[in-house]
Structures are given as C-alpha cells and as structure tokens.
Amino acid sequence: MGMLSPQVRRSRRQEALTHQAETRGKQSFGTSESLERLFSLNTTTQRNILSRSPPYSILQLIVPPSLCIALMETDHKSNSIQSGPSSTFTADKSVTDLNVSLKEFLSSQPQFDSVSVGALVFDGSGAAKRILLVQRSEHDSNPSYWEIPGGSCDDADHTLLHSLSRELWEETGLHLRHISQLVGTGRDSSLGRSVVDTGAFFLSRSGLRMVKYSFVVDVQEPIRIRLDPNEHQTYLWASREECVEARVAGSSIKFINHQQETILEAFKLVCN
C-alpha cells in the first residue's frame with residue numbers, strides 16, 4: 001500500500017463502501033422506500049449487509065413494517081457474523097518479539113521511524129502451491145505493481161501482529177487464522193541475528209526509515225477475496241516458477257521493492 005496516512009485511507013474506504021452500498025442497493029432493492037429504510041441503518045449494519053463478500057454474503061433483504069432483517073450466511077461453527085479483522089488468531093512462538101505495540105517497538109528500536117507488515121498467503125500443496133498477489137491501483141503510488149497484502153502498522157492496533165490481521169482483512173477480506181513464521185529477504189538466518197533484524201529496511205518517499213516484516217500465514221476458509229478498490233485493482237494466484245520468471249499466464253508482472261525476493265524465500269520455506 002502507499003504512504004497515505006491511516007486517516008486518509010479509512011476515509012477513502014468509507015467513501016468506497018458508501019458508493020458500493022448505493023450501487024448495490026439500487027440494483028438489488030429498487031424502490032426508493034426500500035433504499036430509505038436501508039440507509040437509515042447505521043454504517044456498521046450497512047457494511048454487514050452490502051459490503052461483505054462470501055462467506056458472509058447477503059442472501060436477501062426483507063423489509064417488513066416494523067423491522068429490517070438481513071438474511072446472511074453465517075459461520076456454521078460459530079453461528080456468528082465476522083464483520084472485521086480477526087482478533088483471535090494464533091501465532092508461532094518464533095514471532096513473539098513482534099507481539100508488541102507499535103509504540104513499544106519503536107521505543108526499543110530507535111533506528112526505525114515506522115513499521116509495515118505483509119501477509120504471505122498460500123493455497124495448494126507441494127509443487128502445486130501458489131501465493132496470493134494483489135495489483136496496486138492505477139491511482140496509487142507505484143501504480144499497477146504487484147505485491148503481497150499488507151501495509152503500515154497503526155498506533156490503534158493492539159500489536160504489530162494485530163496490524164497484520166487488520167491489513168489482511170482491509171485489503172483482501174480474508175480473516176487471519178495463524179501466523180506460521182517470519183520470512184527474511186533471502187539472507188542466511190543462521191548468523192544469530194534477532195527476529196527484529198530479519199525485516200526489510202527501506203526509506204519512504206518522505207524520508208521515513210521503514211522496516212517491513214513479512215509472515216507466512218494461514219487464513220480462515222473458504223478463501224474468497226474482496227479487494228479495496230482504493231488500493232488494489234485485481235489479484236491472482238502465482239506459482240513459484242511464475243514468481244521466478246515474473247510472468248503469469250504469458251504476461252509480465254512487476255514486483256514492488258524487494259517483494260520478489262521475499263516471496264521466493266517464502267516458497268523455499270513452505271515447500272521444504
């Protein structure tokens with residue numbers, strides 16, 4: 001994602017959600033009376049009704065005189081609707097050092113000004129494994145480049161790992177289930193460096209000293225992608241060979257920053 005502030009990003013998301021609600025409402029419910037009742041609901045309810053992709057998708061809207069009822073698919077295990085990033089994920093003990101708040105991390109690591117995180121999501125098994133890649137929006141910085149889902153950590157996030165869960169959900173609609181391992185950038189991990197040293201360091205356009213941590217993660221099934229159009233225009237699943245060649249289905253893809261190196265390192269870890 002770009003270097004937009006969290007407040008600007010949230011504002012753009014809300015504008016997109018409102019536009020989606022208006023468009024889908026007109027398409028699905030038609031009458032002005034139904035729309036009036038629909039938009040009298042609070043924002044959270046509107047988002048639950050109109051803006052969620054499967055597995056929690058809208059089936060039907062019934063508007064009786066006394067009550068608006070949204071019939072949605074629900075998780076048959078929990079029998080509840082999950083309308084935000086997962087806060088009940090688990091994590092391998094190897095990433096414990098990053099299970100701290102942004103403020104605490106930056107206080108202990110003054111060489112950094114900001115932190116970002118990325119999620120390496122795989123499907124398939126063995127040689128058939130593929131990784132999820134998302135393509136940046138044309139109007140964002142580094143337009144049309146490819147990357148893994150992720151973004152900047154916020155002070156409001158409980159820990160850096162919760163930032164990962166939030167960014168994964170905001171950008172793809174996927175819910176984090178488990179953080180398996182931290183992925184370096186192809187450097188020998190046997191040199192005794194701490195977990196903190198395995199991040200990728202870079203300077204932002206505004207000169208901020210950034211460090212990015214990328215994690216192999218498992219997500220809740222079924223896997224159905226819902227992109228934020230303000231940040232990404234499309235997605236694909238790529239094999240290791242396609243990532244090596246930077247070509248998918250005969251078309252070239254451009255990776256942002258050091259993403260290709262990190263992705264190939266992740267393939268090495270999950271395929272062993």
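- Between Leu227 and Val134 there is a side-chain heavy-atom pair separated by less than 4.5 Å.
- Between His162 and Thr159, the side chains place a donor N or O and an acceptor N or O closer than 3.5 Å (distance only, hydrogens not considered).
- Using a 4.5 Å cut-off on side-chain heavy atoms (C-beta onward), Leu106 and Val115 make contact.
- Here the side chains of Thr90 and Ile179 are not in contact, with every heavy-atom distance at 4.5 Å or above.
- Taking the side chain as every heavy atom from C-beta outward, Val219 and Trp169 never approach each other to under 4.5 Å.
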| request: Decide yes or no on side chain to side chain contact (heavy atoms under 4.5 Å, CB included) for Val217 and Phe89, but give the supporting numbers first. | output: CA-CA 10 Å; Val217 303; Phe89 58 85; over 6 Å; no

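- Under the rule for a side chain to side chain donor-acceptor pair (under 3.5 Å), the partners of Ser252 that lie at least two apart in sequence or sit in another chain are Arg247.
- With Gln260 as reference, Leu264 is the one residue of Ile263, Ile256, Leu264 to meet the side-chain contact (heavy atoms from CB on, under 4.5 Å) rule.
- Rounding to the nearest 0.5 angstrom, the gap separating the CZ atom in Arg177 from the OG atom in Ser165 is 13.0 Å.
- When all heavy atoms of Ser94 and Gln181 are compared, the closest pair comes out as OG-CA, 4.4 Å.
- Under the side chain to side chain donor-acceptor pair (under 3.5 Å) criterion, Thr172 pairs with no residue at all, not counting sequence neighbours.
- Inter-residue side-chain proximity for Asp218 and Ser180 is flagged as met; some heavy-atom pair is nearer than 4.5 Å.
- No path of Ile, Leu, Val, Met, Phe, Trp and Tyr side chains, each step under 4.5 Å between heavy atoms, connects Phe122 with Val244, placing them in separate hydrophobic clusters.
- Val211 is listed as a side-chain neighbour of Phe105, based on a closest heavy-atom distance under 4.5 Å.
- With a 4.5 Å cut-off on side-chain heavy atoms, Pro149 and Glu167 do not count as touching.
- Within 6.0 Å of atom NE2 in His158, 12 or fewer heavy atoms from other residues, nucleotides or ligands are found, so the atom counts as exposed in its surroundings.
- Residue Glu138 places its CD atom among 12 or fewer non-hydrogen atoms of other residues, nucleotides or ligands, all under 6.0 Å distant.
- Between Val216 and Phe267 the shortest side-chain heavy-atom distance does not fall below 4.5 Å.
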Take Ile223 and Trp237, measure what side chain to side chain contact (heavy atoms under 4.5 Å, CB included) needs, and give me the verdict at the end. CA-CA 12 Å; Ile223 298 177; Trp237 294 91; 3.9 Å; yes

ask   = Under the side chain to side chain contact (heavy atoms under 4.5 Å, CB included) criterion, do Cys153 and Tyr213 qualify, and how do the steps go?
value = CA-CA 11 Å; Cys153 300; Tyr213 296 105; over 6 Å; no

* To do: Please report the C-alpha distance between Ile148 and Gln259 in whole Å, then the side-chain angles of each, then the deciding distance to 0.1 Å, and finally whether the side chain to side chain contact (heavy atoms under 4.5 Å, CB included) criterion is met.
  => CA-CA 7 Å; Ile148 59 175; Gln259 296 266 299; 3.3 Å; yes

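- The number of heavy-atom neighbours closer than 6.0 Å to OH of Tyr145, taken from other residues, nucleotides and ligands shown, is 12 or below.
- With sequence neighbours left out, the salt bridge (Lys or Arg N to Asp or Glu O under 4.0 Å) criterion links Asp113 to Arg209.
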